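This structure is a prediction, so every number in the text was calculated from the model and none was measured.
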Amino acid sequence: MRIYLDNCCYNRPFDPQTDLRISLETMAKLKVQSLMRSGEIEYVWSDALDYELSRSPNFQEPDMISPWQDGAVAHVETDDPLIERGEEISSLGLKAMDSLHVASAEAASCDWFLTTDKGILKKVRMLGPMRIANPIDFVMEVLQ
């Protein structure tokens with residue numbers, strides 16, 4: 001199984017954990033992350049993740065997240081065809097950066113795209129064979 005986590009998913013543990021939904025998403029994401037670390041789940045990194053991390057206002061987050069790229073089975077580079085596919089995906093109502101993340105996951109033949117972004121989840125749940133889900137839903141459906 002191959003997955004892609006978008007930036008908001010990687011950042012979820014750094015959000016205030018006062019809301020139950022955020023806490024549950026964090027626990028689910030950390031479970032996924034442990035399976036990524038052990039190699040039980042393949043994951044993909046992208047230039048889009050690098051770009052968003054470089055723009056993070058929190059100086060600690062990039063240092064905590066960027067090392068994950070070392071264990072990725074693939075690194076999707078942003079090129080013209082990927083940008084064009086991102087523009088096509090944006091017609092579903094996604095923001096440009098979100099569309100680029102989804103296009104990156106699709107280009108790497110991911111089975112799952114994980115996000116905590118409610119805007120993405122309201123608009124797209126499937127793109128071809130790739131499922132788009134919240135980490136909680138992924139853990140409940142796949143890891144049970």
Side-chain angles (χ1 to χ4, degrees), residues 1-17 19-33 35-37 40-144:
M1 176 181 338
R2 181 177 279 198
I3 66 171
Y4 182 102
L5 283 69
D6 72 354
N7 193 49
C8 65
C9 200
Y10 276 107
N11 278 304
R12 184 50 91 201
F14 301 103
D15 294 332
Q17 302 295 305
D19 182 87
L20 179 60
R21 179 184 55 83
I22 292 171
S23 295
L24 291 172
E25 287 172 346
T26 296
M27 286 190 293
K29 186 267 184 179
L30 292 174
K31 173 63 177 172
V32 170
Q33 190 172 287
L35 296 172
M36 290 164 50
R37 182 177 287 118
E40 294 177 60
I41 294 178
E42 291 185 343
Y43 66 98
V44 173
W45 195 263
S46 71
D47 286 350
L49 286 166
D50 286 334
Y51 174 76
E52 283 198 321
L53 281 173
S54 73
R55 299 179 50 86
S56 175
N58 184 336
F59 70 92
Q60 292 177 342
E61 288 173 20
D63 291 340
M64 300 293 290
I65 297 170
S66 62
W68 282 98
Q69 67 185 303
D70 296 336
V73 297
H75 184 116
V76 179
E77 295 182 7
T78 302
D79 56 14
D80 289 339
L82 188 77
I83 292 169
E84 289 172 15
R85 180 61 180 143
E87 289 170 353
E88 290 172 10
I89 292 170
S90 70
S91 69
L92 301 172
L94 300 183
K95 296 175 185 173
M97 202 67 213
D98 295 336
S99 297
L100 196 55
H101 282 295
V102 172
S104 296
E106 183 183 61
S109 301
C110 289
D111 302 299
W112 290 84
F113 177 92
L114 301 184
T115 184
T116 59
D117 187 321
K118 289 187 279 184
I120 295 172
L121 295 167
K122 285 180 184 177
K123 294 175 178 115
V124 187
R125 288 293 187 153
M126 199 87 172
L127 189 63
M130 183 174 65
R131 298 272 310 273
I132 298 172
N134 180 288
I136 297 169
D137 297 331
F138 174 79
V139 166
M140 295 300 293
E141 184 174 331
V142 175
L143 302 181
Q144 288 293 341

Original post:
Roughly how far apart are Ile83 CD1 and Leu100 CG, rounded to 0.5 Å?
Top reply: 7.0 Å
**OP:** Can you measure from CG (Leu30) to CD (Glu25) and round to the nearest 0.5 angstrom?
**Re:** 11.5 Å
Original post:
Is a side-chain donor-acceptor pair under 3.5 Å present for Trp45 with Asp70?
Top reply: no
Subject >> Residue pair Asp79, Leu82: steps toward the side chain to side chain contact (heavy atoms under 4.5 Å, CB included) verdict >> reply: CA-CA 5 Å; Asp79 56 14; Leu82 188 77; 3.3 Å; yes
**OP:** Determine whether Asp111 and Arg131 make a side-chain contact, defined as any pair of heavy atoms from C-beta on separated by less than 4.5 Å.
**Re:** no
**OP:** Over 60° means perpendicular and under 30° means parallel, so classify the ring planes of Phe113 and Tyr4, tilted if in between.
**Re:** parallel
Original post:
Within a radius of less than 6.0 Å around CE of Met140, do more than 12 heavy atoms belonging to other residues, nucleotides or ligands occur?
Top reply: no
Subject >> CG on Asp50 to CD on Gln69, rounded to 0.5 Å >> reply: 5.0 Å
**OP:** Would you please test Leu127 and Val102 for side chain to side chain contact (heavy atoms under 4.5 Å, CB included) and show each step?
**Re:** CA-CA 9 Å; Leu127 189 63; Val102 172; 3.4 Å; yes
**OP:** Answer yes or no: is there a donor N or O on one side and an acceptor on the other, between the side chain of Ser46 and the main chain of Val76, under 3.5 Å?
**Re:** no
Original post:
Are Pro13 and Thr26 close enough that some pair of their side-chain heavy atoms sits under 4.5 Å apart?
Top reply: yes
Original post:
Does one side chain, of Asp15 or Asn11, offer a donor that lies under 3.5 Å from an acceptor on the other?
Top reply: no
Original post:
When rounded to the nearest 0.5 angstrom, what is the spacing between NZ in Lys29 and OG1 in Thr115?
Top reply: 12.5 Å
Original post:
Just wondering, more than 12 heavy atoms not from Glu88 lying within 6.0 Å of its CD?
Top reply: yes
**OP:** Taking Arg2 for its side chain and Val44 for its backbone only, find out whether a donor-acceptor pair lies under 3.5 Å.
**Re:** no
Original post:
Do the rings of Phe138 and Trp112 sit parallel, tilted or perpendicular, given the 30° and 60° boundaries?
Top reply: perpendicular
**OP:** With the side chain counted from C-beta on, respond yes when Arg125 and Asp137 share a heavy-atom pair under 4.5 Å apart, and no when they do not.
**Re:** yes
Subject >> Non-hydrogen side-chain atoms of Asp117 and Asp98 separated by less than 4.5 Å >> reply: yes
Original post:
Do Ile120 and Lys95 have side chains that get closer than 4.5 Å, going by heavy atoms?
Top reply: no
Original post:
Do Leu143 and Lys31 come close enough that some side-chain heavy atom pair is under 4.5 Å?
Top reply: yes
**OP:** Salt-bridge test for Glu52 and Arg55: reply yes if a basic N is under 4.0 Å from a carboxylate O, no otherwise.
**Re:** no
Original post:
Which heavy atom in Ser99 sits nearest to a heavy atom in Gly86, and how many Å separate them?
Top reply: CB-O, 3.1 Å
**OP:** Give a yes or no on whether the backbone of His101 and the side-chain of Asp6 come within a donor-acceptor separation of less than 3.5 Å.
**Re:** no
**OP:** Mind listing the closest non-hydrogen atom pair of Asp47 and Glu77 along with its distance?
**Re:** OD2-CA, 3.1 Å
Subject >> Leu114 CG to Tyr10 OH distance, which is reported to the nearest 0.5 Å >> reply: 9.5 Å
Original post:
What distance do Ser104 atom OG and His75 atom NE2 have between them, rounded to the nearest 0.5 Å?
Top reply: 8.5 Å
Original post:
Is any side-chain heavy atom of Ile65 closer than 4.5 Å to a side-chain heavy atom of Phe14?
Top reply: yes
Original post:
Is any side-chain heavy atom of Gln33 closer than 4.5 Å to a side-chain heavy atom of Arg37?
Top reply: yes
